[in-house]
Amino acid sequence: MRPVVVIKCGGSIISELSDSFFSSIHSLKNSGWNVVLVHGGGPDITNTLKQMKIQTEFKNGQRKTTKEVLHVVQMTLAGKLNKQLAGECQRRGLSAVGLSGQDAGLLTARILDEELLGLVGGIEKVNTDVLELLLNQNYIPVIAPLGVTEAFETLNVNADTAAAAIAQALNADKLLFVTDVDGILNKGELICETDPAEIEGCIKSGIISGGMIPKAEAAVNSLSGTLKEVMIVNGKKAFLKDNEFFGTKICPNKEAAAG
Ligand SMILES: Nc1ncnc2c1ncn2[C@@H]1O[C@H](COP(=O)(O)OP(=O)(O)OP(=O)(O)O)[C@@H](O)[C@H]1O
Ligand SMILES: [Mg+2]
């Protein structure tokens with residue numbers, strides 16, 4: 001198979017993806033990459049919950065998901081945003097198929113901590129068959145991060161966690177988190193390059209908080225096999241120039257990479 005790049009689009013930038021974002025995808029495809037998109041939906045889910053007067057709270061950057069919240073998550077992620085992003089790809093001449101992790105057993109998940117997070121899942125298994133089928137036919141799979149338990153119960157899965165699991169299962173060569181900040185910041189300054197040890201320290205000290213926690217953890221957990229480098233970039237800006245990404249690069253060992 002051609003090399004694979006998994007690109008996770010944050011919920012906060014789906015509606016603001018620039019022309020340069022889609023031209024970068026065209027360039028990647030033209031230079032022989034298979035592209036998989038995974039998306040979040042945080043702000044839209046929060047707005048819909050507000051409109052419906054349903055309470056929501058976050059624990060370590062993950063949304064506590066009751067049955068009521070899960071209905072809204074499913075409706076917003078799989079119903080609205082997945083179709084929106086796949087539609088945007090189509091409009092720009094990129095053939096895309098919108099899928100939910102619930103389809104064809106794509107994402108099998110297990111409840112992480114029911115008391116703390118409710119119906120939030122960790123990924124157990126990724127069914128790569130359906131993705132390979134689409135990639136071999138030159139389609140871009142666009143994935144909404146919902147998982148299904150072995151008992152066929154739907155779970156909310158953090159999109160960063162889902163993207164990392166999908167990248168690992170596909171033996172991807174690149175994983176890109178496109179979000180609404182330049183990367184991991186320390187007192188407003190961009191950390192250009194980091195590694196698992198430094199990230200652990202930043203989470204402990206509170207430099208990394210909220211939604212950056214699952215993102216940084218997902219990046220660390222995905223570093224293995226073919227995947228030697230993960231990037232966090234800002235989707236509100238042109239983040240790719242002359243084949244160089246602007247953002248935070250996460251690699252297994254910063255010192256070794258520098259030397
Ligand atoms: N050290 C840090 N550097 C940068 N951002 C941080 C840091 N600590 C916390 N954050 C927060 O993390 C946010 C990004 O995570 P968030 O989950 O909100 O977005 P996303 O993952 O792109 O979207 P979604 O969750 O909808 O997919 C930033 O907007 C910022 O508020
Ligand atoms: Mg997030």
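Order of appearance sets the numbers: ligands from 1, and atoms from 1 within every ligand. This is a predicted model, so every value here is computed, not measured.
- Within the 4.0 Å heavy-atom criterion, the part of K215 lying near ligand 1 is the side chain and not the backbone.
- Remark: atom 24 (P) of ligand 1 lies closer than 4.0 Å to at least one protein heavy atom.
- Ranking the protein heavy atoms by distance from atom 13 (C) of ligand 1 puts D180 OD1, 4.2 Å first.
- Side chains of E193 and E198 form no contact here, defined as non-hydrogen atoms less than 4.5 Å apart.
- Of all atoms in ligand 1, listed by their number and element, those nearer than 4.0 Å to a heavy atom of I184 are 3 (N).
- At least one heavy atom of K8 sits closer than 4.0 Å to an atom of ligand 1.
- Looking at M212, H39, R63, Q62 and measuring to atom 12 (O) of ligand 1, the nearest heavy atom belongs to M212.
- Taking 4.0 Å as the cut-off between side-chain N and carboxylate O, D173 and K228 do not count as a salt-bridged pair.
- Ligand 1 has no N or O atom lying under 3.5 Å from any N or O atom of C9, backbone or side chain.
- Between L185 and ligand 1, a contact under 3.5 Å exists for at least one N or O pair.
- When G183, A216, G211, A218 are checked for heavy-atom proximity to atom 15 (O) of ligand 1, G211 turns out nearest.
- The protein atom (non-hydrogen) at minimum distance from atom 9 (C) of ligand 1 is S209 O, 2.9 Å.
- No side-chain heavy atom of V233 sits less than 4.5 Å from a side-chain heavy atom of F177.
- No donor-acceptor distance shorter than 3.5 angstrom exists from the side chain of T128 to the backbone of L131, with no hydrogens or angles considered.
- Listed for the D103 side chain is no donor-acceptor partner under 3.5 Å among the backbone atoms of L99.
- Checking side-chain atoms of N127 against main-chain N and O of A104 turns up a donor-acceptor pair under 3.5 Å.
- Within the structure, the closest approach of P43 to ligand 1 falls below 4.0 Å when heavy atoms are considered.
- Considering both main-chain and side-chain atoms, G42 comes within under 3.5 Å of ligand 1 through a nitrogen or oxygen pair.
- Between the choices T179, I203, I208, L190, the shortest heavy-atom distance to atom 22 (O) of ligand 1 belongs to T179.
- At a threshold of 4.0 Å, the pair K174-E229 does not count as salt-bridged, since none of the basic side-chain nitrogens sits closer than that to a carboxylate oxygen.
- Scanning the protein heavy atoms around atom 30 (C) of ligand 1, the nearest turns out to be V181 CG1, 4.4 Å.
- Separating the NZ atom in K50 from the CD atom in Q55 is a distance of 11.0 Å, to the nearest 0.5 Å.
- Numbered from 1 in the order shown, with element, the atoms of ligand 1 that lie under 4.0 Å from a heavy atom of G10 read 20 (P), 22 (O), 23 (O), 27 (O).
- In this structure the side chain of K236 reaches within 4.5 angstrom of the side chain of D180, judged on heavy atoms.
- Residue G11 has at least one nitrogen or oxygen atom sitting less than 3.5 Å from a nitrogen or oxygen atom of ligand 1, judged on distance alone.
- Between I7 and L28 there is a side-chain heavy-atom pair separated by less than 4.5 Å.
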